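In what follows, a single structure is set out as C-alpha cells and then discussed.
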Number of protein chains: 2
Amino acid sequence: MSENIYVGVDLGGTAIKVGICNEEGQLLHTYEGPTETDKGVDTVINNIEKYVRLIVEQSPFTWDQLAGVGAGVAGFTNVREGIIILAPNIGFRDVPIRKILEERLGKPVKIDNDANVAALGEAWSGAGKGIDNCVCFTLGTGVGGGIIINGKIYQGFSGMAGELGHISVVPDLEAIQCGCGKMGCLETVSSATGIIRMANDAVERGDRTSLALEENIAAKTVFDAAKAGDEVALRIVNRASFYLGKAMAAVAAVLNPERFILGGGVSKAGDILFNEVKEVYAKLAPEPLQQGVEIVPAKLGNDAGIVGAAGLHIRS
Amino acid sequence: MSENIYVGVDLGGTAIKVGICNEEGQLLHTYEGPTETDKGVDTVINNIEKYVRLIVEQSPFTWDQLAGVGAGVAGFTNVREGIIILAPNIGFRDVPIRKILEERLGKPVKIDNDANVAALGEAWSGAGKGIDNCVCFTLGTGVGGGIIINGKIYQGFSGMAGELGHISVVPDLEAIQCGCGKMGCLETVSSATGIIRMANDAVERGDRTSLALEENIAAKTVFDAAKAGDEVALRIVNRASFYLGKAMAAVAAVLNPERFILGGGVSKAGDILFNEVKEVYAKLAPEPLQQGVEIVPAKLGNDAGIVGAAGLHIRS
C-alpha cells in the first residue's frame, strides 16, 4: 500500500465535495460537507482543510501517501499563481488559496476553474479515457468548456482558453446579450438558462404549447415536452442543439479534436439533443474533420470535478 | 562556421523556392527555379534535389552543416509519414516525399502544408517572434490557417487542426457553398476568391459601383475602389472583414492566443481591413480575451513558407 493518492476538491456554493483518486484516476472514496459560505472566507477554507484531512483519515491510506490536493471552483482563477480571482457563489475575491492550503496541509496544491477540471476528469478516466486530444462542453446554468491537448488542460495566453460558452454563434438578427456583455454567445441559447428563457419567451408570446401550463419551467420540462411531441418545445430544443453543433464544427476547424464530450445537466436530455447536434455537426464540419471523430456523453456526472481536480497533479 | 543550417522548400505549382535559414530563423540565402509540373513527379523531385544542393553549394556553408530540409506544399499532407496525399497544383498524389528526399540527400526531411509552414515561419522569426501561442490566417485564394502552441505547429487528431477557412461563420440565409462541400465557410467571404465573387455579384445585380467599369476584378481592385469611396466596394470589404473578425473571436474563445497574425495577399489591403477586423473582434470577443491580445499583419511575406519549412526541424 505505498501507492500515491490524490485528493480532489469540488468547491461549490452549497457543498464542498472531496474525493480520493489513485494514480489511474479511479475515484475510491468521497465525502461531502457544507461550504458555509455565509460564515466567510476563513470558515470555507477551514472546511476544505477539515474535509481533506477527514477523508484521508477515514480511508485505508496514510497521510504520507497523499501526493497532492487539487481544487476546482466556479469562477475566475489564476492557475499559475494559485489564486481564486473571483468566485461569486462562494464569496471569494483574490484569495491565494494554493499558498494557504499548502501551508495548512503541507502538501502541493493546484487549482483551476470548474469547467477545466471537469474536462480533465472526463479526459483522464471518463468519456475521454485514452484520448489525447478532446474538447468538453459542460451544459449547465451556463456553458463551460475545457480543451484537452496531449492529456492536459490547455490554458492559452491568459488562462482563458476553452471559454466555449462565449463563442459568438448566434447571428445578429436573433442575438441577445450574454452575461459576459457580448451578443450572441453560445451560452445564450444552449445552456439551461437559455433554454428556459426561450421557453418563457414562447409562453409570453402566446405560442400554443404545453409549456404554458407549467408554473416553473426548467430545462428538463422543455426536453420532456419536446419528447412528448410539443412542437414549440421541440423547436427550442433544436435551436439549442443547432448552435451547439455549429459551435462544435467551428471548434473542429480550429483544433481537430478526436472526441467531443458533452456533460452537464442539459446533456442528460439524451438522444433528442445528441441526434440533432450530430446532424448539425455532420452538415457543417468538412468531411475530414468528421472521420474518426466522436461526439459522446460525459461519463462521470457530478464526480468529474473531483476526479479532474485530483488529476491536476498528474495531468498538468 | 560550425553552426547548423536548415533549408526550407516552398513547393509551388510554378516555382520551387528554396532558402537557407540559421538556427534563429534568419533567412540568409534564397534561390528560385521552375517546378516543371508538366514533366511529371520525377522531374519535380529531381528539381527539388537540384535546387537544395545548388543553394548550399553557392553559399558559404558546407553540406555537412546542413542539419535538415523542410518542405511546405499546398495540399493534403500526412505529416507523420511524410507523404503528400494530394497536391493538385503540382500533380502529386500519395508521394512519399520524405523518404525519397531523405535517400537522395542523406539528410532528415520534414513536410507540412503551406498554411502551417507559413504560420510557423511567422511564429519563429516574423510577426509572432517571441510569442509562444499564436494563430495565423493566410488570406489568399483560399483562407488557410495555422495554430502555434508552445512555439510549434499544432496538428490535432488527424492533422487537420488550423483549417480556419472552414469555420462555418456565415448564417444560413446568406451562406453559399464552399469548395469543401459545406455551407458558409469563412473562405467563401474572406478570401480573394470570395471578395471577387461578391464584387462580380454586385456588378451583375446592377449595383451602382465603379467596379462595373472593370474588365477583370481582382481583390485589390475592390480594396482600391473601397479606399476611393465606392460604397459597394466598401460594403464588400466590410463583409469580408466582419466574418474574419467573427471567426477570430470564435478562435479566441477556444484557444485564447496571445497574437493573431494576418497574412496573404488580401491582408495587404492594410488599415481598411485591419480596422474593421479589430472593431468586430472587440465587439464579439469577451473582454478578458482582448486584454493583451494583438492583431498584427504578417511580416515575412512570401518568405514565410521557406522560413517555416526550414523551422520544421527546430520547432516540431
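Bear in mind the structure is a predicted one, so any value in this text is a computation, not a measurement. Each chain gets a letter, A, B and so on, in the order its sequence line appears, and its residues count up from 1.
- Distance check, rounded to the nearest 0.5 Å: CZ of Phe157(B) to CD1 of Ile131(A) gives 7.5 Å.
- In the displayed structure, Phe76(B) atom CZ is contacted under 6.0 Å by at most 12 heavy atoms of other residues, nucleotides or ligands.
- Looking at Ala285(A), the atoms closer than 4.5 Å to chain B (heavy atoms on both sides) all sit in the backbone: N, CA, C or O.
- In terms of heavy-atom pairs under 4.5 Å with chain B, the best-connected choice from Gln291(A), Lys246(A), Gln155(A), Glu287(A) is Lys246(A).
- Ranking Gly181(A), Ser158(A), Pro171(A), Ala250(A) against chain B, the residue ahead of the rest is Ser158(A), based on heavy-atom pairs under 4.5 Å.
- Comparing Ile149(A), Val251(A), Ile147(A) by heavy-atom pairs within less than 4.5 Å of chain B, the highest count is held by Ile149(A).
- The residue among Leu289(A), Ile167(A), Val293(A), Leu255(A) with the most heavy atom pairs within less than 4.5 Å of chain B is Leu255(A).
- The most heavy-atom pairs under 4.5 Å with chain A, out of Ala175(B), Ala249(B), Pro288(B), Cys185(B), come from Pro288(B).
- Counting non-hydrogen atoms of other residues, nucleotides and ligands closer than 6.0 Å to CZ of Arg205(A) gives a total above 12.
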(request) Give the C-alpha distance, both sets of side-chain angles, the deciding distance and a yes or no for side chain to side chain contact (heavy atoms under 4.5 Å, CB included) between Lys182(A) and Leu284(B). (result) CA-CA 6 Å; Lys182(A) 301 296 172 177; Leu284(B) 295 176; 5.8 Å; no
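- Contacts of Ala282(A) with chain B are made by backbone atoms alone, with heavy-atom separations under 4.5 Å and no side-chain atom involved.
- Of the listed residues Arg259(B), Met183(B), Glu163(B), the one with more heavy-atom pairs under 4.5 angstrom with chain A than any other is Glu163(B).
- Only the backbone of Val170(A) comes within contact range of chain B, with at least one heavy atom under 4.5 Å from a heavy atom of that chain.
- A 6.0 Å sphere centred on CD of Glu174(A) holds more than 12 heavy atoms belonging to other residues, nucleotides or ligands.
- The greatest number of non-hydrogen atom pairs below 4.5 Å with chain A, out of Cys134(B), Cys178(B), Cys180(B), Gly162(B), is found for Gly162(B).
- At least one donor-acceptor pair closer than 3.5 Å links the side chain of Asn256(A) to the backbone N or O of Met160(B).
- Defined by atom type and a distance below 3.5 Å, a donor-acceptor pair is missing between the side-chain atoms of Tyr154(B) and Asn150(A).
- When heavy atoms are compared at a cutoff of 4.5 Å, Pro286(A) approaches chain B by way of both its backbone and its side chain.
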